[in-house]
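Remember, it's 1-based here, ligands and their atoms both numbered in the order they're listed. On a predicted model such as this, the values are computed, not experimentally measured, just so you know. Residue numbers run from 1 in the order of the sequence given.
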Amino acid sequence: MKKIQVLLKPQCNEEIQNQFATKFGDQCEFTFQGKETEDAIAAAEVVIGEPEEEEILKAENLRWIQLTWAGADKYTKMKAFPTGVTLTNASGAFGKIISEYVIGNIIALYRELPNYWKNKQKHLWVQKRSSETIYGKNILILGTGDIGRNIAYRMKAFETHVTGIKRTAVPEHLQQMKEFDEVYDLTALDQQLQKADIVIGCLPGTPETKGLLNYERLYSMKKDAILVNVGRGSLIPTEDLIRVLEEGNLKGAVLDVFETEPLPETSPLWNMENVLITPHIAGPSFGGNAGNAEVQAMIWNICMENMERYLNGKKLKNIVRLKDGY
Ligand SMILES: NC(=O)C1=CN([C@@H]2O[C@H](COP(=O)(O)OP(=O)(O)OC[C@H]3O[C@@H](n4cnc5c(N)ncnc54)[C@H](O)[C@@H]3O)[C@@H](O)[C@H]2O)C=CC1
Ligand SMILES: O=C(O)C(=O)COP(=O)(O)O
C-alpha cells in the first residue's frame with residue numbers, strides 16, 4: 001500500500017516524532033521540520049502546521065492542512081486557496097493560557113502596576129490611589145468559542161456579570177451556556193457595548209469581524225471602560241482606537257493583536273500609559289517564542305485525533321469554513 005505523505009511543519013521533538021511514527025507509521029510517511037525538500041512538499045497529502053502560501057500552491061497532492069494555530073485568517077484570505085483542500089485549526093488549545101493573560105493584564109491596568117514597575121527601577125516608593133477591582137464588573141466577551149468561554153469561566157470567580165456575544169442566533173440551550181450569565185447574537189452588540197465595564201475581543205479575523213469595533217462603537221462604550229483584544233487585530237481599526245483613547249473616551253486598553261503586526265514603531269499607542277501592549281504572545285503555539293508545554297500537548301492531541309479521523313475516513317474536527325473565513 002502506498003503511504004500517505006505527511007509534512008510536519010512545527011518544531012517537533014523526538015518524542016512527538018516517535019508518537020506520530022508509532023501511531024500512524026504503517027499508513028503514513030512523515031517529513032519533519034527542517035527536512036522538507038521540494039519533492040516532499042510536492043508529494044505531501046497532509047500538512048500539519050502553517051505552510052507558506054507558495055508551498056500550498058506547489059503541493060499538488062494536498063488534501064488537508066491541520067493548523068497548529070487557532071487563527072486561520074492567513075489561509076482564508078488567500079486568493080487561490082486550492083479547492084478540495086480541507087483546512088482545520090487548533091482551537092481548543094489556547095483558552096486556558098489566554099484567559100490567564102487577559103485577567104493578569106486587566107489587573108495590571110486597574111492597579112496601574114506598570115507604574116510601580118517603573119518606580120521599582122528607580123527605587124521609588126510612591127503610593128497611588130488606583131484600586132479598581134474586577135469584582136462586580138459587567139464583562140462583555142465577543143466570541144463565545146474556546147477562548148471566550150475560558151475567560152468567562154474564570155471571570156465568574158471574580159463575581160462579575162458575564163455576557164457573551166456570538167455570531168448567529170442563540171438557540172435556547174445556548175442562552176444558558178453555563179460560563180455566561182447571558183448570551184446574545186451580534187444584533188445585540190450595540191446595546192451591550194454601552195453597558196460593559198470590560199470588553200474582551202476573542203474573535204477570529206473574518207470579513208464579518210473586520211472593523212466591527214469602529215469609532216462609533218468604541219465611543220459608545222462607558223468612558224471608564226477598558227478594552228482587551230486577544231483575537232485578531234482586524235477587529236479594531238487602529239486609527240479609531242487611537243482617536244477614542246486620545247479623546248479620553250476610554251479608560252484604557254490591553255492589546256496583544258493589531259491591524260498591522262508588528263505594531264509600527266511610530267504608533268501613538270506605544271506612548272499611552274493606559275495602554276498595555278504585548279507582541280501577539282497571549283496564546284503561544286510554536287511560533288517565534290518558545291511556547292508552553294501544556295498548550296503544545298493540547299495542540300498535538302488535536303492533530304493526532306484528527307490524523308486518526310482522516311485515516312479512518314471520519315469527519316475531521318475543527319473544520320474552518322473557507323467561505324466565511326472561520
Ligand atoms: N493572541 C493570540 O496569541 C491568539 C489569538 N487567537 C485568535 O482568537 C480567535 C478565537 O480563538 P478560539 O476561541 O480558539 O476560536 P473558536 O473557534 O473556538 O471561537 C471563535 C468564536 O467566535 C465566534 N464568531 C465567529 N465569527 C463571529 C462574528 N462575526 N460575530 C460574533 N462571533 C463570531 C464563533 O461563534 C466562536 O464562538 C482565533 O480565531 C485567533 O484568531 C487564537 C489563539 C492565540
Ligand atoms: O493560534 C493563533 O491564532 C495564534 O495567534 C497563535 O500565534 P503564535 O503561535 O503565538 O504565533
Problem - Interfacing atoms of ligand 1 (cut-off 4.0 Å, heavy-atom, C202) - result: 10 (C)

Exercise for the section: Compute whether any side-chain donor of one residue and acceptor of the other, for T37 and D39, lie under 3.5 angstrom apart. Expected result: no

Practice task
Give the residue, atom name and distance (to 0.1 Å) of the protein heavy atom nearest atom 17 (O) of ligand 1.
Solution key: Y326 CE1, 3.4 Å

Handout entry: Flag side-chain contact, heavy atom, 4.5 Å: I302 against K317
Key = no

Practice task
Check whether any side-chain heavy atom of I4 lies under 4.5 Å from a side-chain heavy atom of R63, and answer yes or no.
Solution key: no

Problem - Gap separating the CD atom of E45 from the CD atom of E60, nearest 0.5 angstrom - result: 13.0 Å

Completion exercise
Atoms of ligand 1 under 4.0 Å from any heavy atom of V257, numbered from 1 in the order shown, are 1 (N)

Handout entry: Between CD1 on residue I134 and CZ on residue R154, distance to nearest 0.5 Å
Key = 13.0 Å

Practice task
Decide whether an N or O pair under 3.5 Å exists between F94 and ligand 2.
Solution key: no

Practice task
Specify the protein heavy atom at minimum distance from atom 43 (C) of ligand 1: its residue, its atom name, and the distance to 0.1 Å.
Solution key: F94 CG, 3.6 Å

Practice task
Mind running side-chain hydrogen bond (donor to acceptor under 3.5 Å, both in side chains) on N89 and N318 for me, showing each step along the way?
Solution key: CA-CA 6 Å; N89 70 12; N318 283 7; 3.3 Å; yes

Problem - Atoms in ligand 1 flagged as close to G283, the criterion being non-hydrogen separation under 4.0 Å - result: 2 (C), 3 (O), 44 (C)

Handout entry: atom 14 (O) of ligand 1: the protein heavy-atom neighbour that sits closest, reported with distance to 0.1 Å
Key = S91 OG, 2.9 Å

Completion exercise
Between the NZ atom in K122 and the NZ atom in K120, the distance rounded to the nearest 0.5 Å is 13.5 Å

Problem - N/O separation below 3.5 Å, V230 to ligand 1 - result: yes

Exercise for the section: Could you tell me whether K323 sits above the aromatic face of Y326, with NZ or CZ closer than 6.0 angstrom to the six-membered ring centre and within 45 degrees of the axis? Expected result: no

Exercise for the section: Give yes if a backbone or side-chain nitrogen or oxygen of T68 is under 3.5 Å from a nitrogen or oxygen of ligand 2, and no if not. Expected result: no

Handout entry: Atom indices of ligand 1, in the order listed, that fall short of 4.0 Å to a heavy atom of R232
Key = 5 (C), 6 (N), 7 (C), 40 (C), 41 (O)

Practice task
Just let me know how P284 lines up against ligand 1, side chain, backbone, both or neither, with a heavy-atom cut-off below 4.0 Å.
Solution key: neither

Handout entry: Nearest-neighbour protein heavy atom for atom 22 (O) of ligand 1, which is reported as residue plus atom name and distance
Key = P204 CD, 3.4 Å

Completion exercise
From the list E182, K137, K156, side-chain hydrogen bond (donor to acceptor under 3.5 Å, both in side chains) with H161 holds only for E182

Exercise for the section: Output, in order, the C-alpha distance, side-chain angles, deciding distance and verdict of side-chain contact (heavy atoms from CB on, under 4.5 Å) for F180 and R149. Expected result: CA-CA 8 Å; F180 295 88; R149 283 178 194 218; 3.9 Å; yes

Exercise for the section: Give a yes or no on whether a salt bridge exists between R243 and E247, defined as a side-chain N under 4.0 angstrom from a carboxylate O. Expected result: yes

Handout entry: Candidate with minimal heavy-atom separation from atom 7 (C) of ligand 1, of A282, G231, G71
Key = G231

Fill in the blank from the handout: Near T144 (heavy-atom distance under 4.0 Å), the atoms of ligand 1 are 37 (O)

Completion exercise
among protein heavy atoms, the one nearest atom 26 (N) of ligand 1 is R167 CD, 3.2 Å

Exercise for the section: Please name the residue in the list V6, V46, T88, T86 that meets the side chain to side chain contact (heavy atoms under 4.5 Å, CB included) test with Y310. Expected result: V46

Practice task
May I ask you to list the atoms of ligand 2 that are less than 4.0 angstrom from any heavy atom of R232?
Solution key: 2 (C), 3 (O), 4 (C), 5 (O)

Completion exercise
Atoms of ligand 1 under 4.0 Å from any heavy atom of H280, numbered from 1 in the order shown, are 1 (N), 2 (C), 3 (O)

Completion exercise
protein heavy-atom neighbour closest to atom 11 (O) of ligand 1 works out as I147 CD1, 3.3 Å

Exercise for the section: Determine whether the aromatic ring centres of F20 and W300 lie less than 6.0 Å apart. Expected result: yes

Handout entry: Enumerated ligand 1 atoms positioned under 4.0 Å from heavy atoms of L203
Key = 9 (C), 22 (O), 23 (C), 24 (N), 27 (C), 31 (C), 32 (N), 33 (C)

Practice task
With heavy atoms under 4.0 Å as the rule, classify the contact between D256 and ligand 1 as side chain, backbone, both or neither.
Solution key: side chain

Handout entry: Atom indices of ligand 2, in the order listed, that fall short of 4.0 Å to a heavy atom of G71
Key = 1 (O), 2 (C), 3 (O)

Exercise for the section: Using a 4.0 Å heavy-atom threshold (strictly under), name the region of L186 that reaches ligand 1: side chain, backbone, both or neither. Expected result: side chain

Handout entry: Identity and distance of the protein heavy atom lying nearest atom 37 (O) of ligand 1
Key = G145 N, 3.0 Å

Exercise for the section: Return the residue, atom name and 0.1 Å-rounded distance of the protein heavy atom closest to atom 18 (O) of ligand 1. Expected result: D146 N, 2.9 Å

Problem - I107 CD1 to F158 CZ distance, which is reported to the nearest 0.5 Å - result: 4.5 Å

Completion exercise
Within 4.0 Å of some non-hydrogen atom of G283, the atoms of ligand 2 are 6 (C), 7 (O), 10 (O)

Completion exercise
If we number the atoms of ligand 1 from 1 as shown, the ones under 4.0 Å from a heavy atom of I98 are 2 (C), 4 (C), 43 (C), 44 (C)

Exercise for the section: Indicate yes or no: does E50 engage K74 in a salt bridge with an N to O separation below 4.0 Å. Expected result: no

